[in-house]
Amino acid sequence: MQKTYIKDLSNHVGEEVSLKGWIFNKRSSGKIKFIILRDGTGLLQCVYFKGNISEEVFNLADRLGQESSIEVKGKVKGEPRAVGGYELDASDLKVIGEAHDYPITPKEHGVEFLMDNRHLWLRSSKQIAIMRIRHRIVKAIRDFFDDRGFTLMDPPILTPAACEGTSTLFETEYFDLGKAYLTQSGQLYAEAGAMALGKVYTFGPTFRAEKSKTRRHLTEFWMVEPEVAFADLNDDMDLAEEFLECIVQTILKEKQEELIALERDTTKLANVKRPLPRISYDEAVEILKRNGIDFQWGNDLGGTDETVISNQFDKPVMVHRYPAEVKAFYMKRDPNNDKLALAVDVLAPEGYGEIIGGSQREDNLEVLQARIKEQNLPQQAFEWYLDLRRYGSVPHAGFGLGLERTVGWICGLEHLRETIPFARMIYRNTP
RNA sequence: UCCGCGAUAGCUCAAUGGUGGAGCAUCCGGCUGUUAACCGGAGGGUUGCAAGUUCGAGUCUUGCUCGCGGAGCCA
């Protein structure tokens, strides 16, 4: 008898097959029982008629609770009434692992309860769809850079000092060398990589100990950071828009089934094609003022400001040339206006906020040393970084894309906690 | 850190200051095409904790604990 998976049933119509999985739901009507089997690839209705199988097997189904693991055997047939369009005319049922009182019932639950049971919640249809889309986005990201001659270069996760100086970091004791910190960005190391390999990207977890309590924040999240030698801000924006187009169009093309399961309205995602609108910070401030927001030039854009700006466009918008004061020390100043940094943020539509932050980097040794001094950063810790400017400095640029915000936007989710298998937030580090 | 909101059965929620209920889940019974199946029955409670007001508190007051949303910070 052929062993198979639910997703492959179309190749087995009329055949006897066996499948293994978990009981997703069941219904009974006296002499007929329906077991909905879940095997990780889909759902399948298995039908047990009292006359067709032994009394023992027929009664077994009564005992088995939701999420019991089982093996079923039977004949595959097309059945428009059943979920997935196929049905199993079942002839056998074997128990692998019994389950009783599974906490997540096929009814509504609160988010807190579901997050306490995250290890089980992952079995639900929507969560499975999200994880599949996350996986495909990761693959699209890696393919995008790999296909364009980038080399993946993993930065350290334990670092001796703050990358950007401002954020609060997780701290740990590192043997006799004093304190070490969990990285908040691989960027500085990516710059070293770009000087070695030309085009590199880092892709890994990053950590922020900020006490953020919003739907847009996690303490542990994944970031992909390309860095390119001999590139300026325009090259950086060109790369970012091609990158976003590639990710979104790939998901639209290959993950329709999952997007439907999530009830995602994809009309706005379909708009994500080059060119993306590019506006300066000055223009962004104008937009805010036109919308009646009392915004002071020189401040960073807040969450609501970002939403107002992105609502003016039907695709992601790039905002460039921010006031240097609100941006990191390593960003290069605009040669035409010393108050501006050659930075770019990409704001996702539909209120999903900043998904990309990038810049051209300061490549002049003396200027960079002055910035480090201005911001009271420990210069000793940055000597290696300054070496990149001492030995063959070149213009270079890069950006960071937050994976979870991208997943949340593409999936149309309310909260970032569903975009990662086990979210780490200020008041949650379990399960 | 600041502002706002919340905590009642395993879960989701009701209950004018006056005998704490319903749906789902669980258990028992019924039904040969169910789609979060349905119908009948049963069990299930220190109303987050502590004090106060009151003849009487799930409900009003105060404090505490825990959580949620937002601000700041950022991807």
Side-chain angles (χ1 to χ4, degrees), chain A residues 24-36 43-52 58 62-63 65-67 79-85 87 89 99-117 120-121 124-125 163-169 183-187 204-225 240 299-307 326-328 345-348 352-358 399-409 414-417 419-420 425-428:
Chain A
F24 187 74
N25 199 359
K26 59 177 186 175
R27 290 179 279 273
S28 132
S29 182
K31 289 174 180 141
I32 183 169
K33 291 188 203 301
F34 301 93
I35 292 179
I36 310 297
L43 296 176
L44 171 66
Q45 175 161 280
C46 307
V47 186
Y48 290 84
F49 280 107
K50 191 164 191 173
N52 296 0
F58 190 76
D62 289 334
R63 199 178 81 210
Q66 194 187 342
E67 290 299 321
E79 172 54 75
R81 285 176 294 184
V83 60
E87 187 176 82
D89 189 3
H100 297 284
D101 300 313
Y102 184 70
I104 302 177
T105 61
K107 276 279 178 181
E108 290 168 18
H109 296 283
V111 168
E112 192 56 22
F113 175 79
L114 290 169
M115 285 303 289
D116 284 341
N117 290 284
L120 303 176
W121 190 21
S124 304
S125 299
C163 277
E164 303 178 14
T166 50
S167 283
T168 316
L169 304 185
T183 185
Q184 61 169 328
S185 165
Q187 184 210 305
T206 52
F207 307 86
R208 304 279 164 93
E210 300 286 350
K211 294 192 172 178
S212 298
K213 290 184 63 173
T214 82
R215 66 184 69 184
R216 299 189 309 279
H217 291 86
L218 300 171
T219 56
E220 177 182 316
F221 64 98
W222 284 63
M223 191 151 64
V224 56
E225 297 176 282
N299 289 341
D300 205 353
L301 302 175
T304 44
D305 304 324
E306 289 178 353
T307 303
V326 300
K327 288 295 182 184
D345 284 356
V346 182
L347 309 180
Y352 281 94
E354 185 185 341
I355 48 170
I356 283 181
F399 61 81
L401 171 123
L403 177 63
E404 285 74 19
R405 285 193 182 171
T406 305
V407 173
W409 164 47
E414 280 291 307
H415 201 298
L416 238 48
R417 65 189 153 213
T419 63
I420 186 167
M425 296 176 291
I426 176 167
Y427 290 128
R428 175 178 295 283

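All of these numbers come straight from a predicted model, not from anything done at the bench. Residue numbers start from 1 in every chain, and the chains themselves are labelled A, B, ... in the order their sequence lines are given, proteins ahead of strands.
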(request) Treat a base pair as Watson-Crick or G-U wobble with both distances under 3.5 Å, then lay out RNA chain B in dot-bracket form, 5' to 3', with | for cross-strand pairs. (result) (((((((..((((....[..)))).(((((.......))))).....(((((..]....))))))))))))....
Listed pairs, N/O of protein and of nucleotides 31-33 of chain B, under 3.5 Å:
{"unit_1": "B:C31", "atom_1": "N3", "unit_2": "A:G30", "atom_2": "N", "d": "3.4"}
{"unit_1": "B:C31", "atom_1": "N4", "unit_2": "A:S28", "atom_2": "OG", "d": "3.2"}
{"unit_1": "B:C31", "atom_1": "N4", "unit_2": "A:G30", "atom_2": "N", "d": "3.3"}
{"unit_1": "B:U32", "atom_1": "OP2", "unit_2": "A:K31", "atom_2": "N", "d": "3.4"}
{"unit_1": "B:G33", "atom_1": "O2'", "unit_2": "A:R81", "atom_2": "NH1", "d": "2.9"}
{"unit_1": "B:G33", "atom_1": "N1", "unit_2": "A:E87", "atom_2": "OE1", "d": "3.1"}
{"unit_1": "B:G33", "atom_1": "N1", "unit_2": "A:E87", "atom_2": "OE2", "d": "3.3"}
{"unit_1": "B:G33", "atom_1": "N2", "unit_2": "A:Q45", "atom_2": "NE2", "d": "3.2"}
{"unit_1": "B:G33", "atom_1": "N2", "unit_2": "A:E87", "atom_2": "OE2", "d": "2.2"}

Find every protein N or O atom lying less than 3.5 Å from an N or O atom of nucleotides 69-71 of chain B, and list the pairs.
{"unit_1": "B:G69", "atom_1": "OP1", "unit_2": "A:H415", "atom_2": "NE2", "d": "3.0"}
{"unit_1": "B:G69", "atom_1": "OP1", "unit_2": "A:R417", "atom_2": "NH1", "d": "2.9"}
{"unit_1": "B:G69", "atom_1": "OP1", "unit_2": "A:R417", "atom_2": "NH2", "d": "3.3"}
{"unit_1": "B:G69", "atom_1": "O3'", "unit_2": "A:R215", "atom_2": "NH2", "d": "3.4"}
{"unit_1": "B:G70", "atom_1": "OP1", "unit_2": "A:R215", "atom_2": "NE", "d": "2.1"}
{"unit_1": "B:G70", "atom_1": "OP1", "unit_2": "A:R215", "atom_2": "NH2", "d": "2.9"}
{"unit_1": "B:G70", "atom_1": "OP2", "unit_2": "A:R215", "atom_2": "N", "d": "2.8"}
{"unit_1": "B:G70", "atom_1": "N7", "unit_2": "A:K213", "atom_2": "O", "d": "3.3"}

Please write out the pairs of protein N or O atoms and N or O atoms of nucleotides 43-46 of chain B separated by less than 3.5 Å, giving the distance to one decimal.
none

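Nucleic acid contact class of A:I356 (heavy atoms, under 4.0 Å, all strands): sugar-phosphate only. Here A:D345 lies out of heavy-atom contact (under 4.0 Å) with every strand.
A cation-pi arrangement is found for A:K33 relative to A:F58, the charged atom lying closer than 6.0 Å to the ring centre and inside a 45° cone about the ring normal.
In this structure, A:N299 places its CG atom 10 Å from P of B:G72, rounding to the nearest Å. Rounding to whole angstrom units, CZ of residue A:F24 and P of B:A36 are separated by 11 Å. The NE2-P distance, from A:H217 to B:C73, rounds to 10 Å in whole Å. What separates CE of A:M425 from P of B:G67 is a distance of 11 Å, to the nearest Å. Rounded to whole Å, atom C1' of B:C11 lies 9 Å from atom CG of A:L114.
Position along RNA chain B of the nearest nucleotide to A:R428 versus A:F221 favours A:R428 as the more 5'-ward residue.
B:A36 and B:U12 are spaced 13 Å apart, taking the C1' atom of each and rounding to whole Å.
When the side-chain contact (heavy atoms from CB on, under 4.5 Å) test is applied to A:T214, the partners found at least two apart in sequence or on another chain are A:R216, A:H217. Applying the side-chain contact (heavy atoms from CB on, under 4.5 Å) criterion to A:E306, with sequence neighbours excluded, gives A:L301, A:L347, A:E354. By the side-chain hydrogen bond (donor to acceptor under 3.5 Å, both in side chains) test, A:D116 is found to be paired with A:R428, residues two or more places apart in sequence or in another chain being considered. In this structure A:R27 satisfies the side-chain hydrogen bond (donor to acceptor under 3.5 Å, both in side chains) test with no other residue, sequence neighbours excluded. Residues that satisfy the side-chain hydrogen bond (donor to acceptor under 3.5 Å, both in side chains) test with A:S28, not counting sequence neighbours, are absent from this structure. In this view, A:F399 and A:F243 satisfy the ring-ring contact (aromatic ring centres under 6.0 Å, His included) rule, not counting sequence neighbours. By the side-chain contact (heavy atoms from CB on, under 4.5 Å) test, A:T105 is found to be paired with A:K107, A:H109, residues two or more places apart in sequence or in another chain being considered. By the side-chain contact (heavy atoms from CB on, under 4.5 Å) test, A:E220 pairs with A:F207, A:R424, sequence neighbours left out.
Residues A:D305 and A:N299 are not in side-chain contact: their nearest non-hydrogen atoms beyond the backbone lie 4.5 Å or more apart.
A salt bridge links A:R81 with A:E79: the closest approach of a Lys/Arg side-chain nitrogen to an acidic carboxylate oxygen falls below 4.0 angstrom.
A side-chain donor-acceptor contact under 3.5 Å links A:E87 and A:Q45.
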